[in-house]
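Attaching a single structure in structure tokens format; questions to follow.
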Amino acid sequence: MLQHMNEINPNDQINMYPPTRFMGSKNKLLSSIWAATEDLHFNSVLDLFSGSGAVGYMYKCHGKAVACNDYMAMAATFSKAMIENNSVRLNEEAINKILSSGDNTDHFVADTFSGLYFSDEDNNLIDNIRHNISMLDDPYEKAIAMTALIRAIMKKRPRGIFTYTGNRYDDGRKDLRKSLEQLFREAAVAVNEAVFDNRKVNLSSWHDSLDLDLPHYDLIYMDPPYYTPKSDNEYVRRYHFVEGLARNWDGVEIQENTKTKKFKSYPTPFSTLSGAEEAFDHLFEKYKSSILVISYSSNSQPDKEQMLRILSKYKNNVRVTPVEHTYSFGTTKNVKRNNVQEYIFVGY
Ligand SMILES: C[S@@+](CC[C@H](N)C(=O)[O-])C[C@H]1O[C@@H](n2cnc3c(N)ncnc32)[C@H](O)[C@@H]1O
């Protein structure tokens, strides 16, 4: 049974969002982001860099009309399945059909990525699932199935990333021992369970945030890649395989000379300091009639003072909430932690 907004408890519903390892995901900061904004009056939210979709979903659970945007097809697929979609679920028959084998696959994954990330058997199953998803008519069923496939593949991959080939980072997780079919079934159930109706029209959008053109939203949440001179914040480099799946490699060219068979990263101003400063200024000006909420980290640039200066050009009231946050990376046996403060800037 689908639940409706007047029957749900926002905090219980937020926990229904399938947990994610997406880089920079704010799933551990959702209550802080809500606490930083709940006193303000707003009915609609635009999550401009939605990534895993966790923040947009949190606001959907609080009854807001939500639009999620990201320039990655995989992110737009997640938000189509679980944010824009208020009612469609994938039933067991459909899941079985998607997993059934057929002769019509294009063998693209099996041919292109042979020996790189998964066994031949798994590559063939991925091709089958891709083909069967392409035969579905309903755009939300398609999005649920593709979200489930991406989630299953990320779980089957040590560290969940595609910057290396082979299996050298096997971290002993139980998921790595499960079959791809089982992971797909589990993911489809988890995605299904996240679907609910908040009685609002919600939207998924797949665009560059800098030239997005949507009607007015009361609150704009911005969580772009964090720029630091020392580390790279490249999403496509890490996730090219699942991003390729989400867009069926349409419109991208695989760099055949690379070992990983990745394609070119999408350009973003957030890969340089001057680019990030200009982009923030541009976005704050463009959305100055809305409440502006920005997540940024204390070890990134522009720094806190610069951000406050840019935000104050367009907003009379500016406040910042620091939240202690630990990013973990490494294997389960050898976890390294990086303590930073996450800032939540609010201009209103
Ligand atoms: C820090 S992550 C967002 C994480 C998200 N808030 C979450 O909780 O999962 C940054 C996102 O910005 C996206 N991105 C980077 N540059 C972009 C651009 N110019 N337009 C749209 N999205 C962009 C990336 O694809 C990535 O998903």
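Remember, predicted model here, so these are calculated numbers, not experimental data. Counting starts at 1 for both ligands and their atoms, in listed order. The basis for the numbers below is simple: all heavy atoms, side chains too, and nothing from hydrogens, waters or symmetry mates. Sequence positions, counted from 1, serve as the residue numbers for this chain.
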Using a 4.0 Å heavy-atom cut-off, say whether S295 meets ligand 1 through its side chain, its backbone, both or neither. neither

For I95 and F184, what are the C-alpha separation, side-chain angles and deciding distance, and is it a side-chain contact (heavy atoms from CB on, under 4.5 Å)? CA-CA 9 Å; I95 296 172; F184 178 79; 4.1 Å; yes

Any ion pair linking R177 and D170 (charged N to carboxylate O, less than 4.0 Å)? yes

Identity and separation of the nearest protein heavy atom to atom 9 (O) of ligand 1: S52 OG, 2.7 Å

Please indicate whether E38 has more than 12 foreign heavy atoms, meaning atoms of other residues, nucleotides or ligands, lying under 6.0 Å from its CD. yes

The atoms of ligand 1 lying under 4.0 Å from a heavy atom of K26, numbered in the order shown, are 7 (C), 8 (O)

Which residue and non-hydrogen atom of the protein lie closest to atom 4 (C) of ligand 1, and at what distance in Å? D223 OD2, 3.3 Å

Show me the pairs that pass salt bridge (Lys or Arg N to Asp or Glu O under 4.0 Å) and involve residues 116-140, at least two apart or across chains. D106-R130, D127-R130

Roughly how far apart are S297 OG and Y227 OH, rounded to 0.5 Å? 13.5 Å

List ligand 1 atoms under 4.0 Å from P225, heavy atoms only on the residue side. 10 (C), 12 (O), 15 (C)

One finds that the ligand 1 atoms under 4.0 Å from a non-hydrogen atom of M72 are 25 (O)

Any heavy atom of Y235 under 4.0 Å from ligand 1? The part involved is side chain

With backbone taken as N, CA, C and O and side chain as the heavy atoms from C-beta onward, which portion of A75 lies under 4.0 Å from ligand 1: side chain, backbone, both, or neither? neither

Heavy-atom contacts with S25 under 4.0 Å: which atoms of ligand 1 show up? List them by number with element. 7 (C), 8 (O), 9 (O)

Can you tell me the protein heavy atom closest to atom 16 (N) of ligand 1 and the distance? T268 OG1, 2.9 Å

The criterion is salt bridge (charged side-chain N to carboxylate O under 4.0 Å, His left out); which residues satisfy it with K178, sequence neighbours excluded? D175, E186

For atom 3 (C) of ligand 1, what's the nearest protein heavy atom and its distance? F49 O, 3.2 Å

Separation between CG (L183) and CE (M154), nearest 0.5 Å, reads 12.5 Å

For ligand 1, which atoms sit closer than 4.0 Å to a heavy atom of S50? 5 (C), 7 (C), 9 (O)

Could you identify the single nearest non-hydrogen protein atom to atom 18 (C) of ligand 1 and state the distance to 0.1 Å? Y71 CD1, 3.6 Å

If you measure from CZ on F162 to OH on Y239, what distance do you get to the nearest 0.5 Å? 9.5 Å

Are Y59 and Y221 close enough that their ring centers fall under 6.0 Å? no

Does the structure place the NZ or CZ of K261 under 6.0 Å from the centre of the six-membered ring of F113, at an angle of no more than 45° from the ring's axis? no

Which word best sums up how the rings of Y169 and Y164 line up, parallel for under 30°, tilted for 30 to 60°, or perpendicular for over 60°? perpendicular

F22, portion touching ligand 1 at heavy-atom distance under 4.0 Å: side chain

The closest protein heavy-atom partner of atom 11 (C) of ligand 1 is D70 OD2, 3.6 Å

For atom 19 (N) of ligand 1, which protein heavy atom lies nearest, and how many Å away is it? D208 OD1, 3.1 Å

Which residue and atom name correspond to the protein heavy atom nearest atom 21 (C) of ligand 1, and how close is it? S209 OG, 3.0 Å

